[in-house]
Amino acid sequence: MKKTLFLIISLILWSCVSVEQHNKKLETPITPQQLKKDVDFAYEKLQKLHPKLYWYVSKEKLDYKFDSLKKTINQPLKPSEFFLKLAPVIADVKEGHLRLVPLEKKLTKKETKRLKNQKGTLGRLNYVIEDHRLYIKDNAEKIGNLKVGTEILKINDIPVTQILEKYRPLVTSDGYNTTYHKYSLARRFNTFFSLEYGILDSVKVEAQHKDSLKTIVLKRETKTKTEKKKEKQDQKLTEEKKTKGYNPVTKSYNRDLQFLDKDSSIAYMKIKTFSGTYSKKFYKNSFALLKKAGTETLIIDIRDNLGGSLVEINNLYSYFAKEKFKFIKDIEVSSRTSILTTDYLKNFPTVTKPLGVISYPIYMLVSVIGTKKKDGKYYLMDLFPSKKPKADAFYGKTYVLINGSSFSASSIISAKFKADGLATLVGEETGGANDGTVAGIYSTQKLPNSKMKLPIGLFLIQPNIEMTNTMKGVTPNVEIIPTLDEILRKKDVQLDWVLKDISTKK
């Protein structure tokens, strides 16, 4: 008993010291020599592991950018200051999945417990960015009585335009796409702000709604017993929650199907993310229902869908294909052994990590054997073999709604739909590239001196289509870009156009 108690006390003390040491490093400047070594380390790893590093930027230009960065480092910098210098250069690779991960302040168990029982400040609002200005898109909890459409002018006396200008270079998309940036920055705004200024208990906000100006202080609030109880209830999974992918944070389903008319001739399928979890059952049930109902038109909404599982989109596409198809081209990697650098054990929960250790040699062997050299490049052959259409495949009219926040897997399936002529794409250019992306599995490299992490995608994933070489996103067949006013009024002009088009053709 005494030994157990001693062990527990020792672990608590060690944890406290570890947190303290970590946080102390965040405030400790690093010498220019060490920072330059980190810059070289990052570039060397990118050159070794990234399968298509010079897709959007030439080697000469990228060499120049990294060399120029080193010349600007002539005094010691804290990790956070170094992050603001290196991250924009990483973003110049123009790969939306590639980003430098800054060091975050570690919290003690006591701090973590306190924050778990509290509601945040700026993070409880949803934003939209237009013309380098920040507006409130949603305020479900009505915090601070801030109305939808309110412009945030200053935060803690710092002009928001100045904050956005600082964070904008940290955001990148695939290639020369321009639609993704404002969505990504609006979504990550609070994350960037918290990384720079810490987790604050209160924030002073200067805001303007129409001609009315006001200054308020947003404070952290303690969750009530009723709210805690409801959170627990939301986390309990029912069969419907599993199949539709219930999200307790947003209190909505990830996947849903509904009919938009009485005779079930028009169906609307919303997919918020391609999570892969339970999706197979959802699509099986949904397309069986569409067939039984005699549905003529299907609208698939993947706006604001940031991607996810390739297995899921491969399966989803099989419900539209008219003949046997190959969805993804053979996946390109940088070398025969690059996959061996992946974060293999991170895919295993703590309980099953021993199984991961045992299976790792098999994984290594299969990876090396499965990698073939072809025309001087290395490929994972037939990772996604040809697939037959499903028995309940839908051959009616299909519309796909897309926007600048349709990214990664959403862009891949959109490109395939468009190239094969199986759907009409409506909305705006996707945030992910038409011709594929570099993602899949990652090799996370830790910079030796600043200790920041650089996850590098190892797979070049491309839809099995004729490449457009536009270096941009998937362009819609019908471009409809909502105005700021329409967004704030929740007027869905893209869906409205589709419904009008269906009505006209009827």
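Just so it is clear, the structure is predicted and the values come from calculations on it, not from any experiment.
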With side chain to side chain donor-acceptor pair (under 3.5 Å) as the criterion, how do Tyr180 and Glu429 come out once you've worked through the C-alpha distance, each side chain's angles and the decisive distance to 0.1 Å? CA-CA 9 Å; Tyr180 181 69; Glu429 179 190 340; over 6 Å; no
Are Leu213 and Leu153 side-chain neighbours, meaning at least one heavy-atom pair lies under 4.5 Å? yes
Near-ring test Tyr319/Phe394, centroid separation under 6.0 angstrom: no
Could you walk me through whether Ile90 and Leu98 satisfy the side chain to side chain contact (heavy atoms under 4.5 Å, CB included) test, starting with their C-alpha distance in whole Å, then the side-chain angles of each, then the deciding distance to 0.1 Å, before giving a yes or no? CA-CA 7 Å; Ile90 299 295; Leu98 181 65; 3.8 Å; yes
Within 45 degrees of the axis of the six-membered ring of Tyr399 and under 6.0 Å from its centre: does Lys397 put its NZ or CZ there? yes
Please check this pair: side chain of Asp38 against backbone of Ser450, looking for a donor-acceptor N/O pair closer than 3.5 Å. yes
Within the structure provided, determine whether Glu27 and Lys78 are in side-chain contact (heavy-atom separation under 4.5 Å). yes
When the aromatic ring centroids of Phe287 and Phe320 are compared, is their separation below 6.0 Å? yes
For Lys65, look at atom NZ and say whether over 12 heavy atoms of other residues, nucleotides or ligands are found less than 6.0 Å away. no
Strictly distance-based, threshold 3.5 Å: is any side-chain N or O of Asn139 a donor or acceptor partner for the main-chain N or O of Ile143? yes
Would you say the side-chain atoms of Tyr176 pair up with the backbone N or O of Tyr56, donor to acceptor, closer than 3.5 Å? yes
Looking at Lys416 and Asn314, would you say the former's side chain and the latter's main chain have a donor-acceptor pair under 3.5 Å? no
Using atom types as modelled and distance alone, determine if a side-chain donor or acceptor of Asp131 lies under 3.5 Å from a backbone N or O of Arg133. no
Do Asp435 and Thr468 have side chains that approach each other closer than 4.5 Å (heavy atoms only, starting at C-beta)? yes
Asp138/Arg124 under salt bridge (Lys or Arg N to Asp or Glu O under 4.0 Å): CA gap, chis, key distance, verdict: CA-CA 9 Å; Asp138 289 300; Arg124 291 159 65 193; over 6 Å; no
Do the side chain of Asn434 and the main chain of Lys472 share a donor and acceptor less than 3.5 angstrom apart? no
Any sub-3.5 Å donor-acceptor pair from Ser406's side-chain atoms to Ser410's backbone N or O? no
Quick one: which of Leu218, Leu122, Asn156 gives a side-chain contact (heavy atoms from CB on, under 4.5 Å) with Leu200? Asn156
Taking the ring of Phe417 and the ring of Tyr317, is the distance between their centroids below 6.0 Å? yes
Assign the ring pair Phe193 / Tyr197 to parallel, tilted or perpendicular, where the plane angle (0 to 90°) is split at 30° and 60°. tilted
Which heavy-atom pair separates Leu100 from Ala87 by the least distance, and what is that distance? CD2-N, 3.9 Å
Tell me if a side-chain donor or acceptor on Asp174 pairs with a main-chain N or O of Gly96 at a distance below 3.5 Å. yes
